[in-house]
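Note that these values count all heavy atoms, side chains included, but never hydrogens, waters or copies made by symmetry. In this text the structure is predicted, and so the values were computed from the model without any measurement. Numbers restart at 1 for each chain; the letters A, B, ... are given by sequence-line order, proteins then strands.
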2 protein chains.
Amino acid sequence: MPSDDQPVPVFPKPVTLRDVAAQAGVSVATASKALNDQGRMTAETRERIRETARSLGFRPNSLAQSLLRRRSFTVGLLTNDTYGRFSLPLMSGISDALVDKGVSVFLCNVEEDPRLGQMHVDAMLDKRVDGIIATGKRIDRHLPIDLSNLRVPVIYAFTQPDPDAVAFVSDDAGGARLAVEHFCRLGRRRIVHVSGPASFAVVHARAQAYRDVLAENGLPVTEPLLGSWSEAWGHQAVAQLFDGKSDRPDAVFCGNDQIARGVIDALRERGLDVPNDVGVIGFDNWEIVAEATRPPLTSVDMNLTALGREAGLTLLSLVGGTAAAPGIRKLPCLLVVRHSCGRPMDG
Amino acid sequence: MPSDDQPVPVFPKPVTLRDVAAQAGVSVATASKALNDQGRMTAETRERIRETARSLGFRPNSLAQSLLRRRSFTVGLLTNDTYGRFSLPLMSGISDALVDKGVSVFLCNVEEDPRLGQMHVDAMLDKRVDGIIATGKRIDRHLPIDLSNLRVPVIYAFTQPDPDAVAFVSDDAGGARLAVEHFCRLGRRRIVHVSGPASFAVVHARAQAYRDVLAENGLPVTEPLLGSWSEAWGHQAVAQLFDGKSDRPDAVFCGNDQIARGVIDALRERGLDVPNDVGVIGFDNWEIVAEATRPPLTSVDMNLTALGREAGLTLLSLVGGTAAAPGIRKLPCLLVVRHSCGRPMDG
DNA sequence: TTGAAAGCGCTAACAA
DNA sequence: TTGTTAGCGCTTTCAA
């Protein structure tokens with residue numbers, strides 16, 4: 001027996017097309033056509049129906065529409081990037097590109113758990129998402145689920161794609177070029193590279209671009225120093241590079257912003273000035289880190305929001321039946337210049 | 001005229017209940033009952049239907065079910081926290097609590113834009129979400145949309161609620177108590193508080209708890225130093241606290257981890273040892289920051305994942321028709337002990 | 001024990 | 001110009 005002291009809120013029943021039709025004194029079909037700009041009828045009737053719909057606050061039931069149209073105006077975003085470092089900017093771009101088309105996004109974090117991943121995929125499929133975008137925290141690892149042969153189109157963005165799938169990634173080599181060329185342009189001559197673990201594909205892509213640019217500019221190439229993605233490694237690397245060496249670097253290109261932060265701190269601690277003695281560039285443009293270093297860090301931005309926008313729009317065209325060429329498309333990075341590289345050095 | 005060189009992938013038509021029924025040689029109604037454990041029939045029939053469903057890979061169309069049940073097993077998460085610092089752990093908790101109940105989450109970032117917010121809310125409502133959870137980046141600001149009198153239940157989590165709504169927030173005062181009491185327990189005597197801008201409600205809640213605990217322990221209370229939420233402010237505060245002062249603090253409780261990071265760095269730069277000379281505690285337990293300080297930072301965790309879980313479950317019970325008492329429920333924080341406070345000091 | 005029929009809210013042929 | 005009818009995929013009386 002329910003107690004009466006706690007009022008159970010009662011939610012108003014939504015207004016249906018039937019209600020509108022009745023109120024306007026027409027059939028449901030006519031009402032539907034009036035509201036969808038279909039069919040032929042007097043402007044007067046159409047307007048009257050519209051007006052009653054408006055006054056009743058009618059909003060069509062998407063579920064009913066979707067059932068009929070076989071299209072739910074819903075997409076799923078699958079990720080294993082718990083902290084959202086990469087998936088949130090991406091999400092933001094996707095959402096951005098799709099809101100005004102009426103498409104909403106299911107966000108599902110699958111961690112590294114295939115069972116969890118399967119649950120999410122099943123739930124999404126059952127809800128008849130129009131398509132799925134897969135993303136993750138690194139470009140060279142698969143999500144823990146098989147997304148091939150689904151009943152809906154799939155796009156990979158910033159994660160390892162299946163063969164023959166449509167995929168978008170950032171152009172890591174291009175991003176590295178931006179950084180190293182920036183150093184060259186500023187007149188730096190001894191440019192070194194401190195990066196993450198060799199197990200990451202991006203580490204090699206960036207390192208190769210680093211070598212290429214230096215060679216193109218006739219500058220000496222030092223083997224990149226590989227370590228972890230941490231500040232601590234940035235510190236250690238500085239020790240390796242500067243302890244009792246005669247030809248010290250005047251520029252450090254770092255594999256991510258955390259390493260760069262460690263490098264900047266370590267340089268300051270040994271009395272070296274950034275940017276005057278040594279210039280530093282990071283990667284990822286993680287604002288919270290890049291803006292807190294002293295001085296603020298120049299960094300390569302992977303432009304993940306644009307990547308997301310691109311992925312979203314492409315998914316939509318796939319949903320619309322347009323074929324997209326399979327393969328991996330690389331999107332350009334941006335160099336965000338702050339104060340860690342200084343102005344051009346003279347002669 | 002479509003060109004043939006680019007094969008347009010064709011997606012298989014989903015298996016419907018009708019297909020299952022036909023294959024099993026029964027009516028759709030029977031098939032439905034068999035799969036839903038409803039009605040009465042021979043175990044043999046039921047099993048046969050189940051088996052054919054399984055073999056055909058049948059999955060019920062959620063849209064159709066939702067239309068009928070008037071329940072979509074979908075909720076919306078509204079946020080203005082672009083970077084997801086707070087909304088992602090929350091999301092994670094919500095999702096966690098709801099996946100195995102088959103509920104999926106629409107994530108919508110509304111920034112500070114009322115128009116965008118309205119679009120998202122409308123889209124969610126049209127898609128017949130069962131309920132909405134509102135969250136944000138601070139506890140004392142409203143989202144830029146009015147969520148009262150919606151057709152679905154709304155829960156506020158970590159954002160300013162409407163009056164009479166159901167809301168969950170972290171217990172900031174309690175969290176501050178944890179920190180300051182920890183210092184007391186370790187024998188620190190001159191504990192100061194460096195926090196964010198006075199415009200934030202949490203700043204006052206935490207400051208008051210700070211004062212209370214010190215008073216309870218008979219320790220001297222210094223007025224909290226208020227500034228910005230940045231590392232730079234942490235540096236400045238240290239200058240203010242330590243420059244030419246005679247009775248220097250032996251413990252600093254910081255309003256967030258970034259301030260704490262600034263404090264730790266500034267202390268080290270002036271030759272003070274953390275934790276031996278000065279203990280430091282942060283707030284937020286943002287791992288990326290807290291684990292990178294030297295030494296790693298002890299910090300108050302708002303336990304947002306638990307908050308999300310709670311919010312998700314409560315929303316679900318609201319959806320189920322159970323009344324929940326309106327009001328703001330505060331959930332306890334956790335102290336995550338790392339190495340910035342040291343061990344108990346002797347007498 | 002099973003099935004026929006109605007209906008969730010909407011759209012789209014087709015008739016009138 | 002408008003309305004009738006059928007049907008999207010499913011669940012649920014109710015009758016057989």
Side-chain angles (χ1 to χ4, degrees), chain A residues 11-50 52-53 56-74 102 125-130 151-152, chain B residues 11-50 52-53 56-74 102 125-130 151-152:
Chain A
F11 298 99
K13 266 240 291 302
V15 180
T16 72
L17 188 57
R18 213 219 294 301
D19 300 333
V20 175
Q23 175 86 1
V26 294
S27 74
V28 193
T30 309
S32 170
K33 281 179 252 168
L35 297 175
N36 291 309
D37 262 327
Q38 301 271 307
R40 227 173 285 294
M41 68 190 66
T42 46
E44 189 273 323
T45 324
R46 197 181 291 274
E47 194 39 56
R48 179 165 44 87
I49 296 174
R50 290 233 167 114
T52 53
L56 292 176
F58 169 75
R59 309 230 74 206
N61 184 332
S62 253
L63 297 175
Q65 294 181 314
S66 301
L67 189 56
L68 212 51
R69 299 205 226 269
R70 287 120 200 282
R71 179 120 160 45
S72 65
F73 290 88
T74 282
L125 256 23
D126 289 351
K127 286 173 181 135
R128 294 304 189 259
V129 292
D130 297 331
R151 302 186 353 274
V152 295
Chain B
F11 297 100
K13 267 242 290 301
V15 179
T16 72
L17 186 58
R18 214 221 289 305
D19 300 334
V20 176
Q23 176 87 1
V26 295
S27 74
V28 198
T30 308
S32 170
K33 282 179 252 172
L35 298 175
N36 292 309
D37 261 328
Q38 301 271 303
R40 227 171 287 292
M41 68 189 68
T42 46
E44 188 273 322
T45 324
R46 198 181 290 276
E47 194 38 55
R48 178 165 44 88
I49 297 175
R50 290 236 167 113
T52 53
L56 291 176
F58 169 74
R59 308 231 75 205
N61 183 333
S62 253
L63 296 175
Q65 293 182 314
S66 300
L67 190 57
L68 213 50
R69 297 204 227 268
R70 340 189 98 119
R71 180 121 160 47
S72 65
F73 291 87
T74 282
L125 255 23
D126 290 351
K127 283 170 184 141
R128 293 305 188 261
V129 292
D130 297 332
R151 301 187 355 273
V152 296

Using the side-chain heavy atoms of [X], tell me which of these nucleotides is nearest: [options].
X     : options               : answer
B:K33 : D:dG9, C:dT11, D:dT12 : D:dT12
B:F58 : C:dA12, C:dT2, D:dC10 : D:dC10
B:N61 : D:dG9, C:dA4, D:dT2   : D:dG9
B:P60 : D:dC10, C:dT11, D:dT2 : D:dC10
B:L68 : D:dC10, D:dG3, C:dG9  : D:dC10

[X] [atom1] to [N] [atom2], straight-line distance once rounded to whole Å:
X      : N      : atom1 : atom2 : value
B:R69  : D:dT13 : CZ    : C1'   : 16 Å
A:L35  : D:dT2  : CG    : P     : 14 Å
A:R128 : D:dC8  : CZ    : C1'   : 11 Å
A:L67  : D:dC8  : CG    : C1'   : 4 Å
A:L17  : D:dG3  : CG    : P     : 12 Å
A:L63  : D:dC8  : CG    : C1'   : 13 Å
B:R70  : C:dG7  : CZ    : C1'   : 10 Å
A:D37  : C:dT11 : CG    : P     : 12 Å

Please tell me if [X] has a side-chain N or O lying less than 4.0 Å from either OP1 or OP2 of [N].
X     : N      : answer
B:Q38 : D:dT11 : no
B:T42 : C:dT2  : yes
B:R18 : D:dC8  : yes
B:S27 : C:dG3  : yes
B:Q65 : D:dT11 : yes
A:N36 : C:dT11 : yes
A:S32 : C:dT11 : yes
B:T16 : D:dC8  : no

Where do B:K127 and B:T74 land on the side chain to side chain contact (heavy atoms under 4.5 Å, CB included) test, with the steps shown first?
CA-CA 9 Å; B:K127 283 170 184 141; B:T74 282; 5.9 Å; no

Shortest non-hydrogen contact between B:R50 and B:L35, atoms and distance
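Here B:R50 and B:L35 meet closest at CA-CD2, 4.0 Å.
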
Closest nucleotide of DNA chain C for A:P14 versus for B:E44: which of these residues is on the 5' side?
B:E44

Earlier contact from the 5' end, DNA chain C, for A:R59 and B:R40
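Whichever sits nearer the 5' end wins; that is B:R40.
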
Test A:T45 against A:R48 for side chain to side chain contact (heavy atoms under 4.5 Å, CB included), laying out the working first.
CA-CA 5 Å; A:T45 324; A:R48 179 165 44 87; 3.5 Å; yes

Need one value for A:S66: base, sugar-phosphate or nothing, where a base atom within 4.0 Å counts as base even if backbone is also close, heavy atoms only.
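The answer is nothing, as A:S66 stays clear of every strand by at least 4.0 Å.
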
Are any non-hydrogen side-chain atoms of B:V152 and A:F11 less than 4.5 angstrom apart?
no

CZ of B:R128 to CZ of A:R59: how many Å apart, nearest 0.5 Å?
9.5 Å

From A:K13 NZ over to B:R151 CZ, what is the distance, rounded to the nearest 0.5 angstrom?
12.0 Å

